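Model, not experiment: these values are computed from the prediction. Note that ligands are numbered from 1 as they come in the structure, with each ligand's atoms numbered from 1 the same way.
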Amino acid sequence: MALLVGVLGVAAALASGHLVAGLIDPNASPFLAVGNTFIDLTPLPLKDFAVRTFGTADKVVLLGGMAGFLLVAAVLAGLVSRRGPLPGSIFAIALGLVAVAAVYARPDLGQLAVLAPITSLVAGLLVFRGLHGLALRQAVAATEPGQAAEGPDRRKFLLGSVGVAVGSGLAGLGGQFVAGSVDVEGSRAQVSKLIAHYPQPDIAPGADFARQGTPTFLTSNQEFYRIDTALSVPRLRAEDWSLRIHGMVDRELRLSFDDIAKRQLVTRTITMTCVSNEVGGPYISTANFTGVLLRDLLAEAGIQPGADQVFSTSVDGYTAGSPVSETIDPGRNAMLAIGMNGQALPPEHGFPARLVVPGLYGYVSATKWVTDIELTTFAAKQSYWVPRGYTAKAPIKTESRIDIPQGLSTVPAGTVVVAGIAWAQTKGIAKVEVQMDGGPWQEAELTTEVGKETWRMWRKEFDLKSGSHTVLCRATDSSGYTQTADRVSPIPNGATGLHTIVFVAQ
Ligand SMILES: Nc1nc2c(c(=O)[nH]1)N[C@H]1C(S)=C(S)[C@@H](COP(=O)(O)O)O[C@H]1N2
Ligand SMILES: [Mo]
């Protein structure tokens with residue numbers, strides 16, 4: 001019974017906070033806010049461990065861990081409160097204050113948002129004390145001589161418990177419903193119609209070696225890698241979005257989605273890469289992005305002399321900073337994108353609008369759900385990952401990856417195709433070489449070049465006897481630079497080293 005009192009108290013707290021958050025801002029839900037704050041406070045080594053171990057499932061693991069912790073804590077709080085409600089009450093207040101602090105500290109939540117964790121605190125405390133009182137009365141009654149076990153007090157406690165459980169369930173669902181009632185899909189459908197008016201660039205048929213086992217040249221929106229710090233994807237309608245461009249500019253701009261949609265939109269094929277990608281890793285994808293060129297928007301605002309950083313902020317408080325020179329470079333297609341592969345951006349890739357800057361890792365450039373661009377200096381402002389150990393400037397490194405054969409796989413002996421991808425965004429790939437079993441470096445066949453801002457696929461055939469084989473690849477970009485064999489980890493500005501695969505021919 002003590003156990004039930006603790007668990008129901010926590011359930012009531014979480015659910016009531018969730019309901020209030022649904023009305024104000026879904027991210028004010030105490031559970032999510034604490035999770036998000038935890039992510040922001042996570043020291044780099046732990047974050048890196050989480051990404052390495054759990055990949056993109058790291059958030060599910062975090063939420064699951066928090067739920068487990070809360071359950072155990074609630075049970076313990078109930079058990080230590082058997083004699084009196086004081087320990088559990090202290091626990092309820094402490095948890096509530098943690099949630100209040102987490103919501104208060106979130107850069108993306110307004111003042112009103114603290115109402116959600118305050119509701120949780122009050123509801124948790126009231127439910128805990130209420131049920132505790134009923135439980136105690138019935139425990140005392142049960143010890144009185146002549147009292148049946150099924151006395152009126154026991155019935156009251158049971159009714160109270162069921163009431164709280166049902167109420168919590170309804171409040172939680174209600175919160176989910178209110179938060180989900182923002183019609184993002186309807187808004188996306190409208191934007192997709194607009195994007196469909198613009199033709200998609202033709203990708204040369206020889207642009208990939210997908211039949212040999214490389215990725216397809218364009219990555220579908222479903223398969224596009226996803227990296228962000230958001231525990232719940234911001235739900236924003238295009239109608240409610242606006243972009244402010246300010247700071248060291250001649251004219252501050254405030255653009256609605258309509259202002260963007262009315263312009264002549266352009267589509268560019270761009271390969272994005274995450275700095276967290278390990279050698280041989282999966283965090284690289286290519287899409288046709290449709291939107292407006294950042295250099296046009298920034299020219300309208302008028303960049304003042306001395307500004308060297310384009311500092312962008314997402315609706316969820318995430319920030320990234322790109323050098324001004326790269327964003328206005330006429331040879332580079334830095335974009336405010338609203339379309340991806342012929343459709344509106346998917347919510348998890350930044351609907352309604354995001355930035356894409358070819359040649360820069362995503363963490364310093366590709367702000368999703370972007371609502372604010374400030375022209376400033378690198379000396380004046382640090383973006384999200386910089387105080388967390390990553391460098392402020394991070395051009396994408398020239399790298400390559402073997403996709404086939406897969407590591408530790410077995411292939412038929414004889415003719416073996418080795419194939420993969422190489423990338424050096426904004427420079428372009430000039431050459432890929434492959435080394436088999438310590439032999440000479442041999443040049444691979446390259447696919448038709450689509451552009452300098454995208455990846456390029458390669459392949460090389462070998463005649464192999466049965467046995468174990470080791471193969472390496474290395475890329476050279478059009479500046480003449482050959483990727484280094486020195487192994488470094490993704491921190492502070494991108495992994496290097498040669499991708500090496502061991503496989504068996506049989
Ligand atoms: N709002 C927001 N934008 C963000 C991030 C984020 O955490 N929040 N992560 C960045 C990083 S690290 C990368 S690699 C790219 C990934 O974009 P994608 O998820 O569309 O592939 O988004 C960038 N934009
Ligand atoms: Mo990233």
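- Thr37 and Asp40 are not linked by any side-chain donor-acceptor pair at a separation below 3.5 angstrom, with hydrogens and angles left out of the test.
- In the model, Thr286 has a side-chain atom that pairs as donor or acceptor with a side-chain atom of Thr271 under 3.5 Å.
- Looking only at atom types and distance, the side chain of Ser256 has no donor-acceptor partner in the side chain of Asp258 under 3.5 Å away.
- Near ligand 1, residues Phe224, Tyr225, Arg226, Ile227, Asp228, Thr229, Met272, Cys274, Ser314, Asp316, Tyr318, His349, Arg354, Gly362, Tyr363, Ala366, Thr367, Lys368, Trp369 each place a heavy atom inside the 4.0 Å sphere around the ligand atoms.
- A cation-pi contact, defined as under 6.0 Å to the ring centre and within 45° of the axis, links Lys393 to Phe378.
- Annotation: side-chain contact (heavy atoms from CB on, under 4.5 Å) contacts of Val279 (sequence neighbours excluded): Arg487, Ala495, His499.
- Using a 4.0 Å cut-off between charged side-chain N and carboxylate O, Lys368 and Asp316 make no salt bridge.
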